[in-house]
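The first residue in the sequence is number 1, and the count goes up from there.
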Amino acid sequence: HEHALRVAGLEMAFGDFVDLQREVDRSLRAETIDLGIELPTLRRFAALAERLGLEDASELAQSWTSIHMASIREALTVPAHHESVLAALAIDHRLGLCSNFSHAETAREILDDSGLGRHLTGVVVSEEVGLRKPRSEIFAAAAESLGLTSEEILHVGDSLRADVAGAATSGMQTVWLTRRVRDPEAELADFDGPAPDFALEDLMDLPVLLARLAGVEGRS
């Protein structure tokens with residue numbers, strides 16, 4: 001957002017600003033994201049301000065983070081049916097969120113704005129934990145937030161590596177959501193990690209799956 005340049009009093013092309021941010025991010029990745037450690041948005045922008053030789057790097061990082069997160073919230077859309085699905089599931093199940101997100105305050109605001117947060121017993125955000133999926137520690141934190149063991153949890157997510165592999169390695173059953181996956185069969189064929197226990201096209205299919213699983217357990 002070009003407002004970020006005006007805040008810092010910078011006279012440079014916005015494209016050059018973005019390119020420099022990407023360069024700074026790449027230099028930070030090796031010691032953070034590549035190791036499963038979260039790279040907070042504040043740290044990214046503080047490093048960028050220092051790279052530009054600007055004073056008050058911490059204050060600028062706060063301003064740039066606010067601008068960036070506001071743009072994310074403005075662009076974000078939540079499928080209209082998700083809130084009703086969670087509301088129905090929450091009657092009989094403890095629900096939680098385990099999210100890779102670099103600014104926890106914004107993540108929680110999005111949950112509140114969308115109406116999803118009221119249905120969740122536990123919320124675990126990588127920026128607060130300091131670690132990202134697929135690290136086992138963040139899944140352990142999610143289980144603790146729900147007051148459940150890993151074996152009692154069915155983890156739902158759309159990333160084979162971060163969600164399916166991470167949760168499976170942590171002892172959870174897994175559901176792979178494919179609504180945003182262009183070619184699920186090809187992606188699964190290229191994946192060398194543990195296969196998901198279940199695959200669903202959309203979250204609206206989850207109540208039916210849970211009902212079937214409950215029926216199987218009732219007959220066993």
Side-chain angles (χ1 to χ4, degrees), residues 22 25-26 28-44 68-69 72-73 75-79 82 85-86 89 93-108 110-111 114 116-117 120-146 148-203 205-206 209:
R22 289 172 177 162
D25 286 348
R26 284 194 296 269
L28 293 172
R29 265 192 85 99
E31 61 189 56
T32 55
I33 293 176
D34 290 347
L35 300 177
I37 298 169
E38 186 55 270
L39 174 57
T41 301
L42 278 168
R43 182 179 172 189
R44 291 175 58 223
H68 181 56
M69 289 301 157
I72 288 177
R73 290 179 66 182
L76 182 72
T77 59
V78 177
H82 279 192
V85 171
L86 293 190
L89 291 174
H93 305 280
R94 273 177 265 181
L95 307 180
L97 175 75
C98 181
S99 174
N100 282 349
F101 201 84
S102 60
H103 194 251
E105 180 181 342
T106 298
R108 292 177 182 278
I110 290 170
L111 290 175
S114 64
L116 302 181
L120 303 176
T121 299
V123 174
V124 173
V125 183
S126 59
E127 195 231 347
E128 293 174 331
V129 178
L131 300 170
R132 295 170 54 86
K133 298 182 290 186
R135 289 280 295 259
S136 61
E137 295 94 334
I138 193 170
F139 289 99
E144 183 178 357
S145 75
L146 292 170
L148 299 171
T149 66
S150 295
E151 291 72 22
E152 295 175 295
I153 293 175
L154 181 67
H155 181 82
V156 181
D158 58 9
S159 168
L160 285 174
R161 179 178 178 274
D163 293 304
V164 173
T169 302
S170 299
M172 301 177 182
Q173 282 193 298
T174 59
V175 175
W176 184 34
L177 286 181
T178 62
R179 180 175 65 88
R180 298 173 59 185
V181 180
R182 180 175 300 178
D183 189 340
E185 290 187 7
E187 188 163 325
L188 191 58
D190 290 339
F191 182 59
D192 60 2
D197 295 301
F198 309 97
L200 298 177
E201 185 174 345
D202 192 271
L203 193 68
D205 302 319
L206 185 57
L209 172 62

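Judged by distance alone, with hydrogens and angles left aside, the side-chain atoms of Ser150 form a donor-acceptor pair with the main-chain N or O of Ser170 at under 3.5 Å. Not a single donor-acceptor pair under 3.5 Å links the side chain of Thr121 to the backbone N or O of Gly96. Side-chain atoms of Arg94 do not come within 3.5 Å of backbone N or O of Ile153 as any donor-acceptor pair.
Atom NE2 of residue His103 and atom CZ of residue Arg108 lie 12.0 Å apart, to the nearest 0.5 angstrom. Note that CG of Leu97 is 9.0 Å distant from CG of Leu116, once rounded to the nearest 0.5 Å. Distance check, rounded to the nearest 0.5 Å: CG of Leu39 to CG of Asn100 gives 12.0 Å. The distance from atom OG of Ser159 to atom NZ of Lys133, rounded to the nearest 0.5 Å, is 7.5 Å. Atoms NE2 and CG, on His82 and Leu86 in that order, are 8.0 Å from each other to the nearest 0.5 Å.
Side chains of Glu137 and Phe139 form no contact here, defined as non-hydrogen atoms less than 4.5 Å apart. In this structure, Leu160 and Pro196 have side chains that are in contact, with non-hydrogen atoms separated by less than 4.5 Å. Between Ile37 and Arg135 the shortest side-chain heavy-atom distance falls below 4.5 Å. Ile33 is not listed as a side-chain neighbour of Asp25, based on a closest heavy-atom distance of 4.5 Å or more. Looking at heavy atoms from C-beta onward, Leu209 lies out of side-chain contact with Asp205 at the 4.5 angstrom threshold. Between Thr174 and Asp163, every side-chain heavy-atom pair lies at or beyond the 4.5 Å cut-off. Inter-residue side-chain proximity for Arg73 and Ile110 is flagged as met; some heavy-atom pair is nearer than 4.5 Å.
Heavy-atom minimum distance, Gln173 versus Asp197: CA-OD2, 3.2 Å. The nearest pair of heavy atoms linking Val85 to Leu203 is CG1-O, 3.8 Å. Closest approach of Val181 and Leu177 over heavy atoms only: CG2-O, 4.0 Å. Between Gly122 and Ser145, the closest heavy-atom pair is CA-OG, 3.6 Å.
Applying the side chain to side chain contact (heavy atoms under 4.5 Å, CB included) criterion to Ala142, with sequence neighbours excluded, gives Cys98, Val124. Residues that satisfy the salt bridge (Lys or Arg N to Asp or Glu O under 4.0 Å) test with Asp202, not counting sequence neighbours, are Arg179. Here Thr149 pairs with Glu152 under the side chain to side chain donor-acceptor pair (under 3.5 Å) rule; sequence neighbours left out. Evaluation of the salt bridge (Lys or Arg N to Asp or Glu O under 4.0 Å) rule for Asp158 yields no partner, not counting sequence neighbours. Scanning for salt bridge (Lys or Arg N to Asp or Glu O under 4.0 Å) contacts around Glu127 gives an empty result, with sequence neighbours left out.
Within a 6.0 Å radius of CD in Glu151, more than 12 heavy atoms belonging to other residues, nucleotides or ligands are found.
Residue pairs meeting the side chain to side chain donor-acceptor pair (under 3.5 Å) criterion with at least one member in residues 32-42, sequence neighbours excluded: Arg29-Asp34, Glu38-Ser126, Glu38-Arg132, Thr41-Ser102.
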